[in-house]
Amino acid sequence: MNNFKTSTKSDKIKVLNVAEKPSVARSIANVLSKDHRIEETKSPFNKLFKLDYRLKDVEVEMWITSVTGHLKSLKYPQKYQSWEKWDPIIILKEAEIENNISTDKQNLELNLKNFASICNRLILWLDCDREGENIAFEVMEVCREANPNIQVNRAHFSAVTYVDVRRALDTLKYPDQNLSNSVIARQEIDLRIGASFTRFQTLLLQKQFNLSSIVSYGPCQIPTLGFVVQRQKEIDSFVKEQFWFIQSEDDQKCIYNWDRTHLFDEFIVALLFERCYQESATVINVQQKDVQKWKPYPLCTIEFEKLASKKLRISAHKAMELAERLYNKGYISYPRTETNKFPPTINLQTIIRDQQNHPVWGEYATNLLNFAFEYPKAGNKDDKAHPPIHPVKMMIENEAQNKQEWDVYQLITRHFLACCSKNAKGSETTITLQINDETFSKSGLVIKEKNYLEIYIYEEWSQSQVPNYQQGDSIKIKLTLQKGSTSPPKPMTEAELIGLMDKNGIGTDATIHEHINTIQDREYATKRGQIIKPTKIGLALVESYEILGFTLHQPFLRAVMEQRMNEVALGKKEKSQIVQATINEMTIILKQLQEKQNLIIKTFGSYLEALKNYDEDNDNDDNNNQPRIPLDEGEETTQNQPKANKKTRNQRNKKSDELPKNSILPPSICQFCNSLCVTNKQLNGKLIQICPKLCQIQEDINQNGHHQSTQNKDNCFQCNLCQNFMKIRYSKIKKTNFLGCSSYPQCNQAIFLPDTVKSIKLIDKKCTKCGSPLFSLQFNENYNQVHQASFFCLFPGCQFIIKTDWKQNKDSNQTSFVGKQQNKVENTGKYPFNPHQQNKNFYNKEKSNNQQKFPYQKN
DNA sequence: GCAAGGTC
């Protein structure tokens with residue numbers, strides 16, 4: 001029996017208005033008339049508001065109701081339920097997919113059908129984004145089933161304020177099929193890839209390694225994990241590097257910073273120290289300038305989550321839960337918004353006025369209204385649907401359900417008040433000292449007006465004093481030679497991860513926190529405090545992708561997908577075209593994973609075994625700097641460059657360009673940069689020539705004046721990507737040597753050798769053809785060596801006895817690759833999923849004769 | 001037992 005009742009007495013034209021959520025329906029009703037009537041519907045949350053309105057000079061009865069997000073959802077039919085029975089390739093490529101109204105949305109469907117059958121017109125008030133446009137089509141379809149003649153329009157609004165809603169009604173448009181299609185394409189791609197890859201991975205690994213969770217794959221969750229793993233690898237491969245610097249201190253204990261900061265070469269610093277050492281300095285400049293500390297941008301969801309995590313120590317997921325609760329209780333505006341600028345139609349003064357009686361910040365709010373108000377800065381993000389998060393009703397501390405709820409309300413309100421305040425203002429004084437050819441400086445700050453900092457307790461601006469010197473003063477100084485060392489990258493915080501996801505387009509404002517939750521649910525990562533670290537399962541999974549040459553954990557996979565969605569949204573491509581293309585590409589990858597399944601098990605297992613104590617270590621020590629991951633480096637971890645030292649020596653020591661040119665002995669010319677070198681005598685009596693740009697790190701000069709290079713004996717030849725040196729490395733997983741770039745992990749360049757080669761050794765001979773150093777090779781015991789040569793050149797392409805090539809760089813369109821000689825691959829750069837897919841590399845020897853056609857190869 | 005996107 002139909003228990004729905006609504007009055008249909010009026011003869012006026014009835015216009016059905018449908019919003020994406022109950023709150024928007026309520027706001028539209030409020031904005032259009034305070035006299036609206038509220039009726040219950042079949043869905044307890046989704047009320048029906050009725051009011052009389054004059055629409056384009058016609059008196060109409062507006063019926064305003066809502067849905068709650070999507071009505072429909074994609075699903076595989078029942079017959080595909082069994083994971084074991086169906087090849088994941090079928091699930092990915094061929095299985096049909098149903099798009100039906102979800103069971104929990106059937107009441108809403110009945111509502112819409114009921115209302116539409118009575119109404120003459122339908123106005124779609126779904127959020128003005130792609131998802132909203134798709135929901136608009138879902139609503140329209142249902143309404144048209146009940147009333148095929150219903151006249152349909154789309155309202156475009158940038159905020160639910162009187163002005164915006166009226167404007168939207170005056171300029172009604174039509175829904176955009178292209179935008180909606182891009183969402184359907186995304187849904188299908190996500191489901192097909194997610195379901196098929198998850199089934200494949202779970203069936204392959206779960207039982208084998210006794211894992212308690214499924215081994216899911218999703219185009220957002222795995223790149224999220226990828227970020228976490230990448231950071232951990234950087235920390236684990238970090239090697240401390242020492243640096244030296246000169247410190248100067250005056251008799252007021254004020255320490256001045258060396259303008260060269262620090263250098264990584266003790267000789268140079270010692271030399272400079274010796275040259276500038278004295279007990280007085282000249283004040284060459286005293287500069288005073290006004291400075292400001294900028295107030296924050298209006299609060300969008302992403303920023304709110306980051307702040308909650310960083311400043312309140314509340315996880316993004318929990319913070320969203322608390323914000324939603326505050327929103328439902330009417331204390332704050334809608335918390336899922338991408339917008340960080342206030343629409344001009346919102347009345348900020350009214351919002352501030354609501355806080356005037358607050359016991360904590362009432363006085364501050366009053367001051368803002370009276371004299372201190374300044375319009376908020378405008379950010380550059382706008383979802384056209386919701387304003388930035390702001391308070392809509394005053395809450396005092398004891399009205400909050402708990403401390404966390406209060407903290408979140410407080411953050412949102414203080415942030416809002418800060419946005420409506422002036423920047424903090426101060427005065428900065430910088431003193432510059434000259435001591436011979438070296439300069440040192442020190443800045444001090446005096447805060448003149450705190451302004452927004454009075455209310456925004458989450459930021460600090462610390463004052464510091466500098467002595468009262470005048471330009472030209474000569475002051476007493478104490479110079480010391482100091483030593484320091486680089487520190488490892490910091491562990492990944494949740495706030496940083498959110499930032500990375502946002503920047504790389506992984507997830508949306510409404511889902512980012514869910515993906516972070518998912519990787520924890522799947523036991524890929526753990527969170528302690530605000531620090532997120534991968535578990536051994538997460539590491540093993542990502543490292544297996546990496547080592548087998550797949551880029552499934554990289555963010556660009558999603559970025560490419562987004563780009564394709566845009567093409568559909570703009571009407572440049574058909575949705576079927578891009579679904580087909582993406583699925584075809586992913587089919588190739590899934591087939592390769594299937595072909596390599598034994599190898600995957602082996603690789604994943606090796607990592608799990610190597611990392612068996614990893615999680616325990618995690619609990620004991622946050623950051624002990626010890627390599628824990630088998631980084632494919634074995635004993636060679638000392639070769640890795642720390643993140644801080646990513647720049648080359650030349651770049652790091654750029655200021656050394658200005659070194660004085662005179663030196664102890666007649667200088668020579670640097671063979672790399674033609675600079676005049678400086679000479680110094682070591683304790684053992686040897687003379688050292690040093691290029692001021694540090695091109696030549698050290699050159700021994702024997703007394704006859706001949707140069708003898710002391711460059712690292714392990715260096716092979718220069719990497720073609722970063723110009724650092726390739727080195728012999730040892731892969732624990734494959735138990736063989738390979739050549740890897742010394743800048744790993746910043747540079748991933750590598751040259752792998754045939755399985756038949758067990759180890760390689762650099763010898764003191766040069767290739768007569770290309771000048772690279774030669775290697776002696778040890779072959780596997782069971783390998784019947786046919787090569788006549790004793791020594792081999794491994795420089796890519798130099799000789800054909802041992803075929804080598806540069807590994808393809810995933811970020812470039814280079815056509816080189818790891819492996820044996822094969823047809824040149826043409827990479828259109830169109831879809832950079834798996835750069836190795838046609839590279840039947842030496843891990844995959846058994847398949848090497850069975851070459852597939854590369855999908856991007858022309859003809 | 002699969003994804004990600006809405007929303008409650």
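Basis for what follows: all heavy atoms, side chains included, without hydrogens, waters or symmetry-related copies. Note on naming: letters A, B, ... go to the chains in the order of the sequence lines (proteins, then strands), and numbering restarts at 1 for each one.
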Participant: Have a look at A/Q206 and say if it touches a base, only the backbone sugar-phosphate, or nothing, with a 4.0 Å heavy-atom cut-off.
Facilitator: base

Participant: Using a heavy-atom cut-off of under 4.0 Å over every strand shown, decide if A/T202 touches base, sugar-phosphate, or nothing.
Facilitator: base

Participant: Can A/W83 be called stacked on B/dG1 when the rule is centres closer than 5.5 Å and an angle between planes below 30°?
Facilitator: yes

Participant: Ignoring backbone atoms, establish whether A/Q81 has a side-chain N or O less than 4.0 Å from OP1 or OP2 of B/dG1.
Facilitator: no

Participant: Classify A/F197 by what it touches in the nucleic acid, base, sugar-phosphate, or nothing, heavy-atom distance under 4.0 Å.
Facilitator: nothing

Participant: Checking contacts here: which listed nucleotide (B/dC8, B/dA4, B/dA3) is nearest the side-chain heavy atoms of A/T198?
Facilitator: B/dA3

Participant: Are any of A/R522's side-chain N or O atoms less than 4.0 Å away from OP1 or OP2 of B/dG1?
Facilitator: no

Participant: Over how many whole Å does the gap from A/D509 atom CG to B/dG6 atom C1' extend?
Facilitator: 11 Å

Participant: Could you tell me the separation between the CG atom of A/L326 and the P atom of B/dC8, rounded to a whole number of Å?
Facilitator: 15 Å

Participant: Expressed as a whole number of angstroms, how long is the span from A/I193:CD1 to B/dG5:C1'?
Facilitator: 15 Å

Participant: Report yes if a side-chain nitrogen or oxygen of A/R130 is closer than 4.0 Å to either non-bridging phosphate oxygen (OP1 or OP2) of B/dA4; otherwise report no.
Facilitator: no

Participant: Could you state the CG-P distance from A/N46 to B/dG6, rounded to the nearest angstrom?
Facilitator: 18 Å

